[in-house]
Q: 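Take a look at the following structure, please.
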Amino acid sequence: MGIHEESRREKLRKLTELGVDPWGQRFDDHQAIGEIRARESEIIVEPIPEGARDAPQSGPKVRAAGRIMLMRSKGKLMFLDLQDWSGRVQLMMGRKQVGEDAWAIAECLDLADLVGVDGELKRTRTGELTIFVEKLTFLTKCLEPPPEKYHGMTDAELRQRMRYLDLTYSDGVLERFLRRTKIVQSIRQTLGGEGFVEIEGPTLHAIAGGAAARPFVTHHNALDMQLYLRIALELHLKRLMVGGMERVYELGRVYRNEGISPRHNPEFTMLEVYQAYGDYGSMMDLTEKLIVDAIDAAGLPRELPWGENATINFEPPFARKTYDELFAEHAGVDPNDADAVSERATKLEIETAGRHADVIKNDVFEELVEDKLMGPIFVTDYPASICPLTKRKADNPQVAERFELFIQGMEVANAYTELNDPDLQEELFRTQLKGLAEDDSMAKMDHDFIRALRSGMPPAGGLGVGIDRLIMLLTDSRSIRDVILFPLLRPEQET
RNA sequence: GAGGCUGUAGCUCAGUCGGUAGAGCAACGGACUUUUAAUCCGUAGGUCUUGGGUUCGAGCCCCAACAGCCUCACCA
């Protein structure tokens, strides 16, 4: 046991001797510190009497509970900063004012302990809003020394492994995750308002379809079968549209067995929305509404900061450009001239031999265009051959009715006019499979899904949104790990 | 999977040319009833991530492993 824990355990023992439960009890009717601070105006200050030093004050009686963040002991008087999830307030506790019994408890306090207090809200001589403690209730002992009181925790690894400390001791972290919750709530509210119903699809899939990604593999013992954690929500939601769920969505976790980066975590949160009798145009309008509503619900301005100097302007309508327009603009090559595109690809050291022209074209697009799309911008009308789940344009089967929303070079949303022709779907599954490792293909043959389409899926628009990335953009976070409470880490070494 | 950077006290960080391991905060003891990262006096706290190697001598140089971060690849 280290010296810190030793001294804290000693105080825990003393508390027990004093008849105090060091792990606390129910503490009713306390007010959020943020609300307590808002009662500042109720403080009444009288004129300073002749010969006196301080003006008599009277303030509201308040009750607060929280964690001790700072302690300044001045002998028989101590100042503490108490923090809860709504804010921080100073406490003043005097030996004379609280009495000997409470003072004995106060002498057992350590930084990071949890306490409740009753007292009067007033100001100190220096004007600091302060609860003048009349009653102290010990709530929970902390056995670990907290991070440094000024710098907090800066080590990225510690902050992720010990998120519980990061939330308390790093500025803005708790606020960021609470904002995430507000944004997700807003998305559900917007969708509900538009008549969409939320469902819960299976996360264990026999076939990991609906996207191109390597799945996590697991095994069900009783059925002795291989299962995959879902990589997308798409195919089950579409089955539900066949079943008559005309406006349906799922907002949940998907799992991809891929690399980890500032923009990738093996498990992440995806929203997929399907609207019968809509198309990708209806999804574009919905996407804007979802984002703008979320910004409003979080109490944010439409123009948000991004990094040191940049801002992102979310004022709708977002820019819209076709894939080919952007391709011509950034690659300087006619997007319909396959030879010129191939030549451009070769210059970029992109493999061209034996590869489909649209795959090469898309590699060039990803290399030269995507990073430059600061957006928000809807990129529309993708090459059909790279979109096996998407309906083709009626007047041009080479082009798929698909858009992706890019913001700060990140793909945030992806939407289709959904392909509902079962024969074409089956054919596209088969052609996609050709020459591709199964894991690398977006189209894994799913006979049950084809069978569902044969029963008639209404023409529809579908939308996928990477929720974590959207949260990053709305919270000015450069890493996905800053918006996921417990990102995946290797296990800690045992020492 | 490849490359670069980082790893020193509970936390935040110094550590010169290879020559006895440092500071602040936190802790402990003392003073202090209006402090604000309180202040002042004193005390204690280290397997320098781990394992090898070079050297009379390694926190420092070399090799490897582990972990984190960044870049790239895969991907959203």
Side-chain angles (χ1 to χ4, degrees), chain A residues 1-11 53-54 57 69-81 88-98 103 110-112 122-130 132 142-162 165 169-170 210-215 231-232 254-272 366 370 404-407 409-414 437 439-440 442 464-470 472 478-481 487-495:
Chain A
M1 200 192 309
I3 54 169
H4 297 92
E5 185 178 342
E6 213 169 327
S7 80
R8 281 166 183 262
R9 284 196 183 274
E10 175 61 21
K11 288 173 191 164
R53 187 168 174 192
D54 300 308
Q57 297 177 66
M69 301 301 285
L70 291 173
M71 274 204 286
R72 297 176 289 280
S73 174
K74 272 190 60 71
K76 299 181 185 67
L77 179 70
M78 61 174 81
F79 294 90
L80 305 96
D81 284 8
R88 207 185 262 213
V89 71
Q90 177 171 262
L91 310 178
M92 195 186 88
M93 192 152 44
R95 183 171 186 167
K96 210 166 69 189
Q97 290 85 338
V98 296
W103 192 253
D110 282 305
L111 281 176
K122 294 196 288 194
R123 292 188 172 285
T124 59
R125 264 180 207 152
T126 53
E128 180 77 25
L129 194 64
T130 300
F132 287 68
C142 171
L143 295 175
E144 294 282 341
E148 213 258 359
K149 67 185 180 188
Y150 185 63
H151 300 92
M153 250 194 325
T154 63
D155 184 277
E157 181 179 357
L158 286 183
R159 291 180 58 186
Q160 290 169 48
R161 285 198 197 280
M162 298 200 260
L165 294 181
Y169 291 95
S170 303
R214 278 147 61 194
I231 60 169
V254 297
Y255 306 86
R256 297 188 182 178
N257 206 339
E258 309 277 359
I260 295 174
S261 86
R263 294 175 176 192
H264 301 87
N265 193 62
E267 55 178 313
F268 63 102
T269 301
M270 178 97 102
L271 167 70
E272 288 197 30
E366 287 177 5
E370 290 190 353
E404 293 197 350
L405 174 64
F406 281 88
I407 307 173
M410 275 197 291
E411 186 196 330
V412 175
N414 181 19
D439 286 346
D440 297 337
M442 194 190 286
V465 179
I467 296 297
D468 310 274
R469 288 182 173 180
L470 179 62
M472 285 171 68
R478 221 68 56 236
S479 171
I480 199 167
R481 290 184 289 269
L488 186 67
L489 292 172
R490 287 191 144 94
E492 215 168 345
Q493 281 174 284
E494 296 197 14
T495 46

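We name chains A, B, ... by the order of the sequence lines, and we start the count at 1 in each one. All figures in this text were calculated on a predicted structure; none of them were measured in a lab.
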Q: Taking the side chain of A:T130 as its heavy atoms from C-beta onward, which of B:rA76, B:rC11, B:rU35 lies nearest to it?
A: B:rU35
Q: Nearest to the side chain of A:Q97, which nucleotide is it out of B:rU35, B:rG10, B:rU33?
A: B:rU33
Q: If you measure from the C1' atom in B:rA9 to the same atom in B:rC28, how many Å do you get, rounded?
A: 15 Å
Q: Considering only the C1' atoms, how many Å lie between B:rA31 and B:rA38, rounded to the nearest integer?
A: 14 Å
Q: Can you say whether a donor on the side chain of A:R125 sits under 3.5 Å from an acceptor on the base of B:rU34, or the other way round?
A: no
Q: For a quick test of reading the model: is some side-chain N or O of A:R72 closer than 4.0 Å to OP1 or OP2 of B:rC32?
A: no
Q: Do any N or O atoms from the side chain of A:D155 and from the backbone of A:L158 form a donor-acceptor pair under 3.5 angstrom?
A: yes
Q: Find which nucleotide of RNA chain B each of A:R490 and A:I260 is nearest to by heavy atoms, and output the residue with the more 5' nucleotide.
A: A:R490
Q: With respect to the phosphate group of B:rA76, does any side-chain polar atom (N or O) of A:R469 fall under 4.0 Å of OP1 or OP2?
A: no
Q: Below 4.0 angstrom, N of the basic side chain to O of the carboxylate: do A:D468 and A:R263 qualify?
A: no
Q: Please report the distance separating the C1' of B:rU20 from the corresponding atom of B:rC56, rounded so that it comes out in whole Å.
A: 16 Å
Q: Provide a list of protein-nucleic acid N or O atom pairs under 3.5 angstrom, restricted to nucleotides 27-29 of chain B.
A:
{"residue": "B:rA27", "atom": "O3'", "partner": "A:S7", "partner atom": "OG", "Å": "3.2"}
{"residue": "B:rC28", "atom": "OP1", "partner": "A:K11", "partner atom": "NZ", "Å": "2.4"}

Q: Using Watson-Crick or G-U wobble geometry with both distances below 3.5 Å, tell me the partner of B:rU49, or none.
A: B:rA65
Q: Expressed as a whole number of angstroms, how long is the span from A:R161:CZ to B:rG10:C1'?
A: 17 Å
Q: Hunt down the Watson-Crick or G-U wobble partner of B:rC25, both distances under 3.5 Å, from any strand shown, or write none.
A: B:rG10
Q: Would you tell me if any nitrogen or oxygen in the side chain of A:R263 comes within less than 4.0 Å of OP1 or OP2 on B:rC72?
A: no
Q: Between A:L158 (CG) and B:rG10 (P), how many Å, whole number?
A: 12 Å
Q: Among B:rG68, B:rG24, B:rC70, find the nucleotide with the atom closest to the side chain of A:P262.
A: B:rC70
Q: When you compare the side chain of A:E148 with that of A:Y169, does any pair of heavy atoms fall below 4.5 Å?
A: no
Q: Can you tell me the base-pairing partner of B:rC17? Count Watson-Crick or G-U wobble geometry only, both distances below 3.5 Å, and say none if there is no partner.
A: none
Q: Has the side chain of A:Q90 got a donor or acceptor atom sitting under 3.5 Å from an opposite partner on the base of B:rU35?
A: yes
Q: In whole angstrom, give me the gap between the C1' atoms of B:rG4 and B:rA76.
A: 26 Å
Q: Counting any heavy atom closer than 4.0 Å, what does A:E157 reach on the DNA or RNA strands: base, sugar-phosphate only, or nothing?
A: sugar-phosphate
Q: Using the C1' atom on both, measure B:rC5 against B:rU49 and round to a whole Å.
A: 16 Å
Q: Go through B:rG68, B:rU12, B:rC70 for me and flag the one nearest to the A:S479 side chain.
A: B:rC70
Q: Report the base-pairing partner of B:rA58 (Watson-Crick or G-U wobble, both distances below 3.5 angstrom), or none.
A: none
Q: Touch check for A:D81, heavy atoms < 4.0 angstrom, all strands: base, sugar-phosphate only, or nothing?
A: nothing
Q: Both A:M92 and A:G259 contact RNA chain B. Taking the nearest nucleotide for each, which residue is further toward the 5' end?
A: A:M92
Q: Kindly say whether A:R214 contributes a backbone atom to a donor-acceptor pair with the side chain of A:E258 at under 3.5 angstrom?
A: yes
Q: Considering Watson-Crick and G-U wobble pairs with both distances under 3.5 Å, what does B:rA44 pair with?
A: none
Q: Counting only side-chain N and O atoms of A:Q160, is one of them less than 4.0 Å from OP1 or OP2 of B:rA67?
A: no
Q: Which of these nucleotides, B:rU35, B:rU33, B:rC11, is closest to any side-chain atom of A:E128?
A: B:rU35
Q: Write down the distance separating the P atoms in B:rC60 and B:rU6, rounded off to the nearest Å.
A: 14 Å
Q: Can you list the residues that meet the side-chain contact (heavy atoms from CB on, under 4.5 Å) rule with A:R95, with sequence neighbours excluded?
A: A:K76, A:E100, A:W103
Q: Indicate whether OP1 or OP2 belonging to B:rA26 is found under 4.0 Å from a side-chain N or O atom of A:K149.
A: yes
Q: Once hydrogens and angles are ignored, does a donor-acceptor distance under 3.5 Å link the base of B:rU12 to the side chain of A:T154?
A: no
Q: Rounding to a whole Å, what distance do you find between A:W103:CH2 and B:rU33:P?
A: 9 Å
Q: Searching all strands shown, indicate the nucleotide that pairs with B:rC72 (Watson-Crick or G-U wobble; both distances under 3.5 Å).
A: B:rG1
Q: Listed by chain and number, what are the side-chain contact (heavy atoms from CB on, under 4.5 Å) partners of A:R125, not counting sequence neighbours?
A: A:R53, A:D54
